[in-house]
Amino acid sequence: MPLDSRPPTDPASTLDARFRSAIHAVSQRDADPQIRPSTNPAFGDYQANAAMSLAKETKGNPRELAAALANAVDLAGIAEPPVIAGPGFLNIRLESSFIVAMLAAMDNASLGVGVTNETHAVVVDLCGVNVAKQMHVGHLRATIIGDTIARVFERVGRTVWRENHLGDWGLPIAMTLAALRRANVDLDQLTLNQLNSAYRTAQLEGRSDEAGLAAAYATGAGPHRIAELLAQQMSAGAAIVDAKSTLLRLQGGDAEVVAAWEKIITCTMREVYASTATLNAKVTAEHNRGESFFRDRLAPVVDGFIKAGLAKEDQGAIIVPFADRERPLLIRKSDGGFLYATTDLAALRFRTFDLNGSRVIYVVDARQRDHFKDVFDAAALIGWDRTKDGEKAEITHLGFGTVLGKDKRPLKTRSGENFTLKDLLDEAIERGISEVTRRAQDPNAPTHSLSATELARVGRAVGIAAIKYADLSNDLTKDYVFDLDRMVAFEGDTGPYLQYAHARIANMLAKAKDSASDIASANHAVAEPAERALALHLLRYPQMILDVTRTLETNRIGAYLRTLAELFNAFYQSCPVLKSEDDTLRRARLRLCGLTRDVLHDGLSLYGIEAPERM
RNA sequence: GUCCCGGUAGCUCAGUUGGAUAGAGCAGCGGCCUUCUAAGCCGCAGGUCGAUGGUUCGAAUCCAUCCCGGGACGCCA
C-alpha cells in the first residue's frame, strides 16, 4: 500500500471517494471534496466544503452546487443524505452501522495502519552527542524527537536508519586528548566529569584563529563574529601546537593515541546509552556513525566538487558558491583542513546513496538552518541528493527550538552551566516515584498491592512520560520554557494524563468477567453521544500517523492522544461499563474500551512512552 | 546591514494548511467520589489572534508595509 493512500477504515476515505465521483458527475472535474470532521457535533460527523471553492472556479452558485452534489452523491449504507448549510457546507451524519463496521475492520493488531510497499530507507540523524561532552537539554530534544520520527516511519513499515552522528573526530578531540595527557589522567579510571572538564580546559587554551580573523575582516563578517574571534586570539598558546601534533598522530593511526581516543569514546558513550535507555529512546551502539567514520571520504568530497566545477579557491580556502545568495559554503580551510560542512556532505551522500535513503531527516537545533540549507543545496548541485537507483530524495532539516528557562533565556544552572540531561532525568524520575508511592498508600488504590520495586518502575515511567510529552507535544520548531514543576504536576495536558486513561481501561478490562471471545464477538458500542464521539476519533488514528510521516509534526500525535483520552474520560464518566447489567451493552462497551486501550498504547509507543497497566 | 523564525486568554501552548460562534491546560470561581482509579468529570469567567492596509462569499491562517522579541551571517561544530 502506498504511503499516500487513504486508510480504508477511515470514514473520511470513503466519503472522499464518494464525493469525488459526485463532483465529477456534476462538474466533470477532479477536485478535492474537502472532507473535514465537523467543527460542531450538532452539524453532524463530517462536512464537505468543496462546493464553495468549486463554485468560485466555475462562477456558479455555491448553494446550488452543494444541492447538486447532495443529490448526486451515493452514500447508501454510509451516511444519511447530506444537509446543506450556510454558504454551501454539506453536513454529513454517518450511519451507526457503518461506524461499527469500520471499527471492527480496524480492531486488530494493525489498528488500521497499513504497511507501505516503499522500499527506500528513511534516514534519521538524531542525538548528535559530542565525545567528551555531557548530554544537556539540547540533546534531549535531538534524541527523543528523532526517536519518535523513527518510530513513526517504522510503524508504517519503512526501513529506518537511526544515525548518531557523534562528534568524535578532529581538533577539539585532539585538544582534549592532549590536555588529558598533560594532566596525567589515568584513562582507565576516567570519569565523564573529568573528561568534560578536560574538554573545556582544552577549548579555552586552544582557541586561536588568525586566518579566520583575517577572513572575517576581509569579508565584512558581523561584529559579533569578529569579537568572538578576537577573544579567542587572547588565549593562544602552546596548547594548540600540542593538540595539532596529537591530531596528526591520531589521523596517522598511532596506536597509543588511538587507544586513548577509544577510551574517551567509551567513557562518553557509557553515559549516553544510560540516558537514552532511561528515555526509552532506541539509540544504542549500533546507531553510531560519527565523524571519524567519514574521515577518508572528506578529501574526495572536495575533489568531487572541484572536478565538477562547482567549487573554487578563495583566499586560500575552497568554497562552493551559490547563484542566489552571497554566502558560499566553505568545504576546505586555507590550512587544508576540512570543516563540518565537508563531513555533512560526505554523510549526506552516504545516507542517500549507500543507505539508499529517499527520505533523510536531520533532527538538529534550528539555529543550524542556514548551514543545512547550504549543505543540501550543495548536495543537489552535485547530484548527491539521489538514492542508489537515482530517485530524488526528500532531505529535511527538522530544526527544533531552544529549551529556555523560566527567565526566557537558554536553560542554565545557577552557575551558568548547561543543565545536564542526567540531572534533569533524575529529578523527573524522583518526582514520579514519590507521586506514585504517595497514591499507593490509599488501601483502595489499584497500586496498593505493588512492591516498592514495582512502584518505582511505574513512577519512573510516569516521570519520563511527563518530560517527553511536554517536549514532543509542542510545535518542534519553537523554543519552549522548561518548567519541571509544571511538567510533573501530572494534571491536565500531560503524559501522565494519557497513562492514567490507559491504566483505567486496562484495570477495567482486567476486572471484566466476560470472556475475550464474548467481547470480540460484540459490536462496538456507538449509541450514546459519548460512545459515538470516542468511536469517530478512534477511526482517525491511521490518518493521523500518515499525516505525521508527511509533516513530521510530532505534536499531532500528542494532540490526537489527548483528545482520545479526553473523550474516553467523558465516556467513562457517563457510560457505566462493568456496572451494566445488560450483557450485550456491557460487552459492546468493553470492546470499545479495548480498542481505545490498544490505540492509546500504540500511540504512546510512538513517543516511546510506557503505558503501565496500573498507576 | 542582509537573511531566517516567532508574536493567539494573566501564564504555558493548540488551531487538522482559507471554513460556521478562535480552542486546551495551568492559575481563579462554583459543582461531582460510602470510588467500574478524583492523576478524573461538569460548569462559570477570561480574546482589538502584535499593528495597519489588501486579496474574497469567508482570514489567526494568504500578500504588502511597519512594530516588538529571538536567531544565523567564511575558515568552531
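A quick note: this is a predicted structure, and the numbers were derived from the prediction, not measured. In the text below, chain A, chain B and the rest are named by the order of the sequence lines, each starting its count at 1. Values below: all heavy atoms of this structure, side chains included; hydrogens, waters and symmetry mates excluded.
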Checklist entry - Should B:rC49 be called syn or anti, with syn set as within 90° of 0? => result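 Base orientation: anti.
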Item to check | Aromatic centroids of A:Phe490 and A:Tyr497 separated by under 6.0 Å | outcome: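 A:Tyr497 vs A:Phe490: aromatic centres not under 6.0 Å.
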At under 4.0 Å, does any side-chain N or O of [X] touch on OP1 or OP2 of [N]?
X	N	answer
A:Tyr340	B:rA77	no
A:Arg504	B:rA38	yes
A:Asn569	B:rC41	yes
A:Arg36	B:rU17	yes

Is there, by distance only and without an angle test, a donor paired with an acceptor across the side chain of [X] and the base of [N] below 3.5 Å?
X	N	result
A:Gln499	B:rA39	no
A:Asn91	B:rA20	yes
A:Asp314	B:rG74	yes

Which one, [options], comes nearest to the side chain of [X]?
X	options	answer
A:Lys56	B:rC5, B:rU56, B:rG15	B:rU56
A:Met508	B:rC36, B:rG71, B:rU17	B:rC36
A:Thr551	B:rA14, B:rU17, B:rA39	B:rU17
A:Gln573	B:rC36, B:rA14, B:rG40	B:rG40
A:Val462	B:rA39, B:rA77, B:rU37	B:rA39
A:Ile319	B:rG74, B:rG70, B:rG7	B:rG74

Next on the checklist: Is there aromatic stacking of A:Tyr480 on B:rC13 here, judged by a ring-centre distance under 5.5 Å and a plane angle under 30°?
Outcome noted: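 Not stacked by the 5.5 Å and 30° rule.
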Next on the checklist: Should A:Phe89 be counted as stacked on B:rG19, where stacking needs a ring-centre gap under 5.5 Å and an angle between planes under 30 degrees?
Outcome noted: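 So no, this residue does not stack on that base, at least one cut-off failing.
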Item to check | Flag if over 12 foreign heavy atoms under 6.0 Å of CZ, A:Arg457 | outcome: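 Result for CZ/A:Arg457: open.
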Can you check the distance between [N] and [M], where both ends of the measurement are the [atom1] atom (answer in whole Å)?
N	M	atom1	answer
B:rG25	B:rG69	C1'	25 Å
B:rU61	B:rU16	P	12 Å
B:rC62	B:rU17	P	13 Å
B:rG43	B:rU55	C1'	41 Å
B:rA64	B:rC3	P	12 Å
B:rA39	B:rA27	P	14 Å
B:rC42	B:rA38	C1'	13 Å
B:rA9	B:rU48	C1'	13 Å

Next on the checklist: With nearest nucleotide decided by heavy atoms, which residue, A:Pro496 or A:Pro172, maps closer to the 5′ end of RNA chain B?
Outcome noted: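 Looking at the nearest nucleotide for each, A:Pro496 comes out on the 5' side.
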Item to check | Given RNA chain B, 5'-ward residue of the pair A:Thr494 and A:Ser574, judged by closest heavy atom | outcome: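 The residue whose closest nucleotide sits nearer the 5' end is A:Thr494.
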Next on the checklist: Are there runs of at least three consecutive Watson-Crick or G-U pairs touching RNA chain B, with each pair's two distances under 3.5 angstrom? Give them by first number.
Outcome noted: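 Consecutive-pair runs (3 or more) involving RNA chain B: B:1-7 with B:67-73, B:10-13 with B:23-26, B:28-32 with B:40-44, B:50-54 with B:62-66.
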Item to check | Shortest non-hydrogen separation from A:Ala132 to A:Asn196 and the atoms involved | outcome: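 Here A:Ala132 and A:Asn196 meet closest at O-ND2, 2.9 Å.
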Next on the checklist: Testing the basics here: between A:Arg597 and A:Ile505, what is the closest heavy-atom pair and its distance to 0.1 Å?
Outcome noted: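 Heavy atoms of A:Arg597 and A:Ile505 come nearest at CB-CG2, 3.6 Å.
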Item to check | Within-4.5 Å side-chain heavy-atom neighbours: A:Tyr500 and A:Pro496 | outcome: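 A side-chain contact is absent here, since even the closest heavy-atom pair is not under 4.5 Å.
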Next on the checklist: Taking any heavy-atom pair under 4.0 Å as a contact, classify A:Ala503: base, sugar-phosphate, or nothing.
Outcome noted: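 A:Ala503: base contact, heavy atoms under 4.0 Å.
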Checklist entry - When we call it a touch if two heavy atoms are under 4.0 Å apart, what does A:Arg332 touch: a base, just sugar-phosphate, or nothing? => result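 It contacts nothing in the nucleic acid.
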